[in-house]
Amino acid sequence: MNTKKKALPIRLPHAEVLSSIVGPLLTWYEGQSTLRCLPWREEVTPYHTWLSEIMLQQTRASAVIPYYTRFLEALPDIESLARCDDELLMKLWQGLGYYSRARNLKKAAGVICQEYGGKLPADFAALLELPGIGRYTASAIGSIAFGLPLPAVDGNILRVTMRVLQCGEDIAQPAVRRAVEEALAPYYPSGQAAGALNQAFMDLGATICLPHGAPHCAACPLARLCLAHDAGSEQQLPVKSKKAKRRVEQKTVLLLHQGRALALTKRPNKGLLAGLWELPNLPGHLTQAEVEAWLAARGLRTLTIARLPDARHIFSHVEWQMQGWAVELASPDAMVAEDASPLVWASPEELADTYSIPSAFQYFLHEHHG
DNA sequence: GATGCGTGGCT
DNA sequence: TAGCCAAGCAT
């Protein structure tokens, strides 16, 4: 016999309740729609919906708005995105995080121009094949831009659904996400109501059915149907298993000035902050003597050197504890050693306009200016 | 299925 | 403050 446990499909309790939430949700959304004025709701096109959904992945709407507006001014259509300069692309994304989203966006634009005549396909399976588009995003684009009856199951829909059904399944498990999709799909309308229903779920999750603190059940159009509200268990749901603890890395960050120019290096093309620019940095916390030795070994002549305030940056899975040194170098610099990553010397203008530098280094850059 | 991938806001 | 969380995807 096969002793491996076969994963059973997740069954949601009281799933029939879901049939009765569609009407109240749509009615509520139509009454509320002017309350959340979002730029991607003003002129709905497949490109606009696609761009907004990518930017909104794991990112709050308030953070996305200025990026979305600026991005469309620079790259107003899919064709210009497909042909844009990579440094410009990353500059437009600088500070938004999850940078592979931007690279996948451009990759997908190339495919769309190549395979689909420059227009997004109005088809779930075809959307799903594009880089950076998963089940959620394919459903969001399909429903909002093309009126396809697809539930876009994100964190909001999961939370609302688990509460309405008073279901204690672990929403960190992909199988639960899939079960919610299958449970909701039969009740989804086609046409404009499809996108409206998905956005109604999201707005409800963002403004009423809150993830932390007390949800605003008194203002919720689903309160009378909600089994968790009925039982008083809203704040115990949804259940979500904890993620692994993040590791800590110590770094020594160098602010190397040569006249007006500041040294930068390019990060590797894979992994954390792939392909972005950074301040030169070394693993561990080095003493002043060790920093000076490192500089000397690269033919860089130190004029002055001073400690900067410590800084800490927390990523989702790693924490950087950084010590910084500001160094004035004699110019011109000598050639760097072969094993060192090459330094580029950026003027303040290039720093602002050309190089994409992640937020993790902004503490020290502010030190540089201020 | 678990892990890597950013950043900022909230409690 | 430390931890949790946000309109997830790729591997």
If I take atom [atom1] in residue [X] and atom [atom2] in nucleotide [N], what distance separates them, rounded to the nearest angstrom?
{"X": "A/Leu128", "N": "C/dA10", "atom1": "CG", "atom2": "P", "result": "8 Å"}
{"X": "A/Leu158", "N": "C/dC5", "atom1": "CG", "atom2": "C1'", "result": "13 Å"}
{"X": "A/Lys245", "N": "C/dG3", "atom1": "NZ", "atom2": "P", "result": "8 Å"}
{"X": "A/Arg103", "N": "B/dG6", "atom1": "CZ", "atom2": "P", "result": "10 Å"}
{"X": "A/Asp170", "N": "C/dC4", "atom1": "CG", "atom2": "P", "result": "13 Å"}
{"X": "A/Gln173", "N": "C/dG8", "atom1": "CD", "atom2": "P", "result": "18 Å"}
{"X": "A/Arg135", "N": "B/dG1", "atom1": "CZ", "atom2": "P", "result": "13 Å"}
{"X": "A/Leu56", "N": "C/dA6", "atom1": "CG", "atom2": "P", "result": "13 Å"}

Counting side-chain heavy atoms from C-beta on, which of [options] comes nearest to [X]?
{"X": "A/Asn156", "options": "C/dC4, C/dA7, B/dG1", "value": "C/dA7"}
{"X": "A/Gln57", "options": "C/dA2, C/dC4, C/dC9", "value": "C/dC9"}
{"X": "A/Arg159", "options": "C/dA7, C/dC4, C/dC9", "value": "C/dA7"}

Transitively linked via ILVMFWY side-chain contacts under 4.5 Å: A/Trp28 with A/Leu210?
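Cluster IDs for A/Trp28 and A/Leu210 differ.
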Short side-chain to backbone donor-acceptor contact, A/Arg159 and A/Pro238, under 3.5 Å:
no
Not counting sequence neighbours, list each pair that qualifies as a ring pair (Phe, Tyr, Trp, His ring centres under 6.0 Å) and has a residue in residues 271-292 of chain A.
A/Trp277-A/Tyr355
Is the phosphate of C/dC4 approached by A/Lys242 (side-chain N or O, under 4.0 Å from OP1 or OP2)?
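A/Lys242 to C/dC4 OP1/OP2: side-chain N or O found under 4.0 Å.
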Nearest-Å distance once atom [atom1] is located in both [N] and [M]:
{"N": "B/dG6", "M": "C/dT1", "atom1": "P", "answer": "25 Å"}
{"N": "C/dC4", "M": "B/dT3", "atom1": "P", "answer": "15 Å"}
{"N": "C/dA7", "M": "B/dT11", "atom1": "P", "answer": "15 Å"}

In chain order, what residues pass the salt bridge (Lys or Arg N to Asp or Glu O under 4.0 Å) check against A/Arg246, with sequence neighbours excluded?
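So A/Arg246 forms no salt bridge (Lys or Arg N to Asp or Glu O under 4.0 Å) with any residue.
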Applying salt bridge (Lys or Arg N to Asp or Glu O under 4.0 Å), name anything that partners A/Asp353, two or more places apart in sequence or on another chain.
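Expected list: none.
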Nearest heavy atom decides the nucleotide; on that basis, is A/Ala274 or A/Ala172 closer to the 5' end of DNA chain B?
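On the 5' side of the pair lies A/Ala172.
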Examine A/Arg312 relative to A/Trp320 and say whether NZ or CZ is less than 6.0 Å from the centre of the six-membered ring and inside a 45° cone about the ring axis.
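Because its charged atom misses either the 6.0 Å distance or the 45° angle limit, A/Arg312 does not stack over A/Trp320.
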Once ring-ring contact (aromatic ring centres under 6.0 Å, His included) is applied, do any residues pair with A/Phe201, and if so which ones, sequence neighbours excluded?
none
Results of ring-ring contact (aromatic ring centres under 6.0 Å, His included) for A/Tyr67 - residues two or more places apart only
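Counting only residues at least two positions away or on another chain, A/Tyr67 forms no ring-ring contact (aromatic ring centres under 6.0 Å, His included).
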On DNA chain C, nearest-nucleotide positions of A/Arg246 versus A/Arg177: which is more 5'?
A/Arg246
Distances under 3.5 Å only, N/O to N/O: pair up the protein atoms with those of nucleotides 7-11 of chain B.
residue : atom : partner  : partner atom : Å
B/dT7   : OP1  : A/Tyr99  : OH           : 2.6
B/dT7   : OP1  : A/Ser359 : N            : 2.9
B/dT7   : OP2  : A/His313 : NE2          : 3.2

Using a 4.0 Å heavy-atom cut-off across all strands, classify [X] as base, sugar-phosphate, or nothing.
{"X": "A/Trp40", "answer": "base"}
{"X": "A/Thr137", "answer": "sugar-phosphate"}
{"X": "A/Gly205", "answer": "nothing"}

